[in-house]
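Here's the structure, in structure tokens; my notes come after.
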Amino acid sequence: MTTKARTWFSALSTVSLLTMSAAFPVHQALADQPGPVEAIEFDPAKAALGKRLFFDPRLSGDAALSCSSCHQPENGFTDGQALSDAYTGNLHFRNVPTLINSAKRKAWFHDGRIGTNLNDVTRESITETYSMNMDMRLMQERIKQDPVYVEMFEAAGFGEPSNGGVRNAIPEYLKTLISRGAPFDTREMSDEAKAGYELFNTSGCSSCHSGERFTDDLPHNIGVGDNPDIWADPTRHITFVTMMKFLGVENYMNLRADPGAYIRTHTADTFGTFMTPTLRELTYTAPYMHNGTMETLEDVVAFYNAGGGDDENKDPRIKPLNLSETEQAQLVAFLKALSGEPLTGPDFVAEDIDTDYAPIENWRETTN
């Protein structure tokens with residue numbers, strides 16, 4: 001809701017509201033609903049540079065993967081798979097989370113192991129062996145060979161192409177990825193979706209899925225079942241082992257369960273907890289959950305309706321909802337109303353990157 005609209009609405013008298021409710025019932029949940037996700041200020045030149053870098057496969061070790069390989073605009077900046085790919089020769093053991101509104105996150109990745117510093121997030125995503133496996137010194141020399149980057153880095157105020165410039169430009173681009181035009185925000189929800197929003201609040205969903213992004217940015221255990229593909233596929237399992245060893249998880253060779261945010265605390269009560277995902281743009285980001293075990297929103301609602309899964313660390317708030325089929329359909333309709341315009345236009349997607357240029361001779365001795 002715009003500031004002007006908020007002012008107009010708050011100026012209505014109680015009598016006027018009561019008169020309106022005779023024809024249009026005003027429910028408390030609808031009256032209190034959060035507004036659209038607020039935009040973030042960004043530097044256009046830095047964001048334009050970050051956009052090109054985001055779609056450039058030269059940022060990976062073998063020049064085969066870009067950030068957009070896993071975060072695809074047409075899939076809500078996910079990859080549409082239950083479990084994601086990894087660096088060439090391996091596969092990953094988790095589902096790709098959306099990057100839309102991600103610049104507002106309080107903690108990154110499904111386990112929340114990195115906080116709000118997007119510079120750190122960018123560095124880890126580019127350099128980790130199971131993601132893009134890039135030596136940033138090599139990356140810097142690669143992009144210094146590209147005359148387009150030479151101009152763009154200068155225009156963005158970074159000077160010549162550098163690691164630090166990359167780690168600052170990509171986060172600036174992420175600031176542009178903000179939800180817009182969802183029926184929930186434009187107040188154009190169907191009656192079914194409105195009823196679903198009432199159920200969303202009365203059933204307790206909003207206790208964790210709160211705020212403009214519908215997440216509390218905290219880890220919880222809801223009893224999501226295991227994805228056996230992780231352990232059946234050696235290329236996924238080796239990625240799991242590599243990451244768990246690096247994060248200091250005990251007995252990682254014999255472990256057959258994703259510890260989630262346990263890696264932050266190493267206390268038993270946090271084993272199997274995962275960051276509450278945003279509910280924005282769900283229409284584009286299936287499958288769901290940290291391990292992609294639920295294919296549809298209907299599956300997700302049915303899971304919660306049954307009281308979640310079985311786990312000794314399950315959040316005590318997760319209990320059977322006992323919703324009818326009609327009520328479950330209403331809840332799904334509301335969740336779909338949180339998806340807006342796809343971010344697939346030229347403001348968000350880089351043009352084809354031309355790499356047919358002459359390398360700089362004696363580049364070690366040449367300044368840009």
Side-chain angles (χ1 to χ4, degrees), residues 1-2 5 9 20-21 23-38 73-78 80 82 95 97-98 100-101 177-216 220 222-224 276-290 292-309 317-344:
M1 185 182 290
T2 64
F9 190 83
M20 290 171 62
S21 67
F24 306 102
V26 179
H27 301 290
Q28 188 62 38
L30 293 175
D32 293 342
Q33 72 185 70
V37 181
E38 291 189 13
E74 64 273 19
N75 287 312
F77 286 82
T78 69
N95 180 265
T98 180
I100 299 176
N101 306 318
L177 304 181
I178 298 295
S179 292
R180 61 206 68 198
F184 178 83
D185 299 326
T186 61
R187 303 304 195 259
E188 296 175 328
M189 287 197 296
S190 66
D191 289 340
E192 185 180 31
K194 291 177 182 177
Y197 184 50
E198 293 283 355
L199 289 167
F200 179 82
N201 286 285
T202 58
S203 297
C205 306
S206 58
S207 64
C208 293
H209 293 283
S210 55
E212 62 178 8
R213 293 183 298 115
F214 290 88
T215 172
D216 60 4
H220 302 286
I222 60 173
V224 174
T276 302
T278 177
L279 299 185
R280 293 281 184 174
E281 313 308 328
L282 290 175
T283 299
Y284 309 112
T285 58
Y288 306 103
M289 302 301 172
H290 67 274
T293 50
M294 299 183 196
E295 294 185 2
T296 68
L297 290 176
E298 286 78 7
D299 293 338
V300 173
V301 170
F303 173 78
Y304 278 104
N305 194 49
R317 291 172 293 180
I318 305 298
K319 297 178 180 179
L321 302 179
N322 299 315
L323 301 178
S324 67
E325 290 187 7
T326 297
E327 289 172 324
Q328 291 182 64
Q330 291 170 340
L331 197 49
V332 169
F334 160 65
L335 294 176
K336 290 180 177 179
L338 294 175
S339 295
E341 303 164 7
L343 306 185
T344 53

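The chain is numbered in sequence order, starting from 1. Please read these numbers as outputs of a predicted model, since none were measured by experiment.
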Compare every heavy atom of [Y] with every heavy atom of [X], then report the nearest pair and how far apart it is.
X	Y	answer
Tyr304	His209	OH-NE2, 4.3 Å
Glu188	Thr186	OE1-OG1, 3.0 Å
Leu282	Ser339	N-OG, 3.1 Å
Gly80	Pro287	O-CD, 3.7 Å
Asn75	Thr285	O-CG2, 3.9 Å
Asp216	Thr276	OD1-OG1, 2.9 Å

[atom1]/[X] to [atom2]/[Y] distance, rounded to the nearest 0.5 angstrom?
X	Y	atom1	atom2	answer
Thr278	Glu212	OG1	CD	9.5 Å
Leu279	Phe184	CG	CZ	10.5 Å
Ser324	Gln328	OG	CD	7.0 Å
Leu331	Leu199	CG	CG	6.5 Å

Query - Aromatic plane relationship, Tyr197 with Phe334 - under 30° parallel, 30 to 60° tilted, over 60° perpendicular - result: tilted
Report task. Could you give me the CA-CA distance, side-chain angles and deciding distance for Glu192 and Val332, then say whether side-chain contact (heavy atoms from CB on, under 4.5 Å) is met? Result -> CA-CA 9 Å; Glu192 185 180 31; Val332 169; over 6 Å; no
Query raised in the report: Around Glu295, counting heavy atoms of other residues, nucleotides and ligands shown, do more than 12 lie under 6.0 Å from its CD?
Result: no
Report summary line: Per side chain to side chain contact (heavy atoms under 4.5 Å, CB included), Arg280 is matched among Val37, Ile178, Leu335, Thr215 by Val37
Requested in this report: From the options Leu343, Ile100, Asp185, select the one residue that forms a side chain to side chain contact (heavy atoms under 4.5 Å, CB included) with Arg180.
Outcome: Leu343
Is the backbone N or O of [Y] less than 3.5 Å from a side-chain atom of [X], with the two atoms forming a donor-acceptor pair by type?
X	Y	result
Glu298	Ala329	no
Tyr284	Gly340	yes
Thr98	Gly76	yes
Asp299	Met294	no

[X] vs [Y] side-chain heavy atoms within contact, under 4.5 Å:
X	Y	result
Ile222	Met289	yes
Glu327	Ser203	no
Phe214	Pro34	yes

**Report entry** Phe303-Tyr288 aromatic ring centre distance below 6.0 Å
**Finding:** no
